[in-house]
Amino acid sequence: MSSVVIIGGGPGGYESALVAAQLGAEVTVVDTDGIGGSAVITDCVPSKTLIATAEVMTEYAAAGELGILSDPPTVDLHKVNERVKSLALAQSADIARRLERDGVRVVRGRGRLDGPGTVVAELADGGSETLAADAVLIATGAAPRTLPTAVPDGERILTWEQVYDLTEVPTELVVVGSGVTGAEFASAYLALGIPVTLVSSRDRVLPGEDAEAAQVLEDVLTRRGMNVLPQSRMESVTRAGDVVTVRLTDGREVQGSHCVLALGSVPNTADLGLEEAGVVTGDGGFIKVDRVSRTSARGVYSAGDCTGVLMLASVAAMQGRIAMWHFLGDSVQPLDLKQVSSNVFTSPEIATVGWSQKAIDAGEMQAETVMLPLSGNARAKMQGVRDGFVKVFCRPGTGIIVGGVVVGPRASELIHPLSLAVAESLTADQLSHAFTVYPSMSGSVAEAARRLHRF
Ligand SMILES: Cc1cc2nc3c(=O)[nH]c(=O)nc-3n(C[C@H](O)[C@H](O)[C@H](O)COP(=O)(O)OP(=O)(O)OC[C@H]3O[C@@H](n4cnc5c(N)ncnc54)[C@H](O)[C@@H]3O)c2cc1C
């Protein structure tokens, strides 16, 4: 029986443990902070639970148009945060039970390599254990990036991991960083009724996303009252009493009662014995892996945020599964980032899959594109939805769909037909021939595909 030791119990770690156990390996997971990892305990699950409350508030804010008259609702942030934290812990416990049921051993402690085939775990309750392994998977994740000039104090200057311990409602929140995490928190807290300033070092929010989608989001957030500061690079964040001051590199200052730092992530790859074991890291300390998650050391694989390949829970999990399929001799397809669908959980949401408009515009992929605003969709009109669109990209000639973008409420659900089309190389005609419900938002996905029909 092959033995596998996994360092890190996030989606990169626990999903690979389940696959390895299914394939008959003897599996041990060494984890410090709780099964589920940052994804479950501090990042995805908590933020999306907070956003679930924000979504209801956004619907309330538009309810007047639909004939609903009521006092504006208010949010009990303490209750929201308690719900967030208990849901995260319950999800972590669910996953731990699943691992136990499937015969995976979980060791509470900090793991590090002692050569390529050995892991030493410094146990949480003292002592250490040496674990021999035929294969090791490193899935230690990443942590919020901070700067010496912007040190979180856990009270008013906060990382995204600390926001759920807020004991008072911010009267004016400054979010620094307009990537996915910054945009999601800014959008959510605005919906909860908190005045928000978003400090963005770039020309627009979400610089890494589809430019038209990001523009729709920025317009909506500004219309709802957010103060979006473009081309504003943070120099420092300081606190004096109840006031937090964000100083920008051009000398301007922004003040608020609280500040959330969303400055990206750094990999948890220090003190893991990587160099001694022959595991090569690249820029910023991320572990270098190939498309089947192999590192430079024989028998050592790596998955998830610590590789920096694409910082998503879904990608971490897939990298981990691929590693186990590869090591344990099951059939395996190398990771294909062009099939990944992802979503920005702002209001409206922005979901994407496959090739991007930017790559098409740069000539990296030849594709025909169509963009259909949601404002023409019957269901959208009934629901009072005006902001958003569907974009579909297909190959000229064959009509094979290579990517798409959906902006709108629940875009994360609407992207799935496009993900399926990209994964299965369906043509625009094939996508448009499938029935959609009338009236439905998904009708716009089919209609966009229909417009790509060529004689
Ligand atoms: C605010 C926020 C929201 C997000 N929302 C989403 C989302 O909606 N959808 C999505 O797909 N992605 C989302 N992400 C990204 C997602 O959280 C990460 O991509 C995912 O957590 C990566 O999983 P992982 O297994 O690599 O690492 P992690 O989830 O970070 O897990 C790693 C685990 O390893 C442990 N560990 C570290 N070092 C050691 C050691 N030496 N020994 C033992 N254990 C160790 C850590 O304590 C941790 O438990 C979000 C990220 C952030 C910051």
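Counting starts at 1 for both ligands and their atoms, following the listed order. The first residue in the sequence is number 1, and the count goes up from there. Just so you know, these numbers use all the heavy atoms, side chains as well, and skip hydrogens, waters and symmetry mates.
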Might you confirm whether atom CZ of Arg239 has over 12 heavy atoms from other residues, nucleotides or ligands at distances under 6.0 Å?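 Correct, the count exceeds 12.
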Take a 6.0 Å sphere around CZ of Arg298 and say whether it holds more than 12 heavy atoms from other residues, nucleotides or ligands. no
Check each heavy atom of [X] against ligand 1 and say whether those closer than 4.0 Å belong to the side chain, the backbone, both or neither.
X      : value
Asp271 : neither
Thr181 : side chain
Thr32  : both
Arg112 : neither
Ala139 : backbone

On a heavy-atom basis, I'd like to know which of Ser412, Ala313, Ala142, Gly141 is closest to atom 10 (C) of ligand 1. Ala313
Out of Cys44, Gly12, Gly304, Ala39, whose heavy atom sits nearest atom 4 (C) of ligand 1? Cys44
Show the atoms of ligand 1 that are less than 4.0 angstrom away from any heavy atom in [X].
X      : result
Ile7   : 40 (C), 42 (N), 43 (C)
Lys48  : 3 (C), 4 (C), 5 (N), 6 (C), 7 (C), 8 (O)
Leu312 : 10 (C), 11 (O), 12 (N), 19 (O)
Leu272 : 41 (N)
Val30  : 43 (C), 44 (N)
Ala316 : 22 (C), 23 (O), 26 (O)
Gly9   : 33 (C), 34 (O)
Ser47  : 3 (C)

Could a heavy atom of Gly109 be found less than 4.0 Å from some atom of ligand 1? yes
Closest non-hydrogen protein atom to atom 42 (N) of ligand 1, residue and atom name please, with distance?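 Of the protein heavy atoms, Gly111 N, 2.8 Å lies nearest.
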In the protein, what heavy atom is nearest to atom 52 (C) of ligand 1, and what distance, to one decimal place, separates them? Asp43 CB, 3.5 Å
Using the six-membered ring wherever Trp is involved, compare the ring planes of Phe185 and Tyr164 and label them parallel, tilted or perpendicular (cut-offs 30° and 60°).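 The rings of Phe185 and Tyr164 sit tilted, inter-plane angle from 30° to 60°.
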For Val40, which of Asp33, Asp94, Ile95 qualifies under side-chain contact (heavy atoms from CB on, under 4.5 Å)? Ile95
In plain terms, say whether Glu209 and Arg204 are close enough for a salt bridge, that is, a side-chain N and a carboxylate O under 4.0 Å apart. no
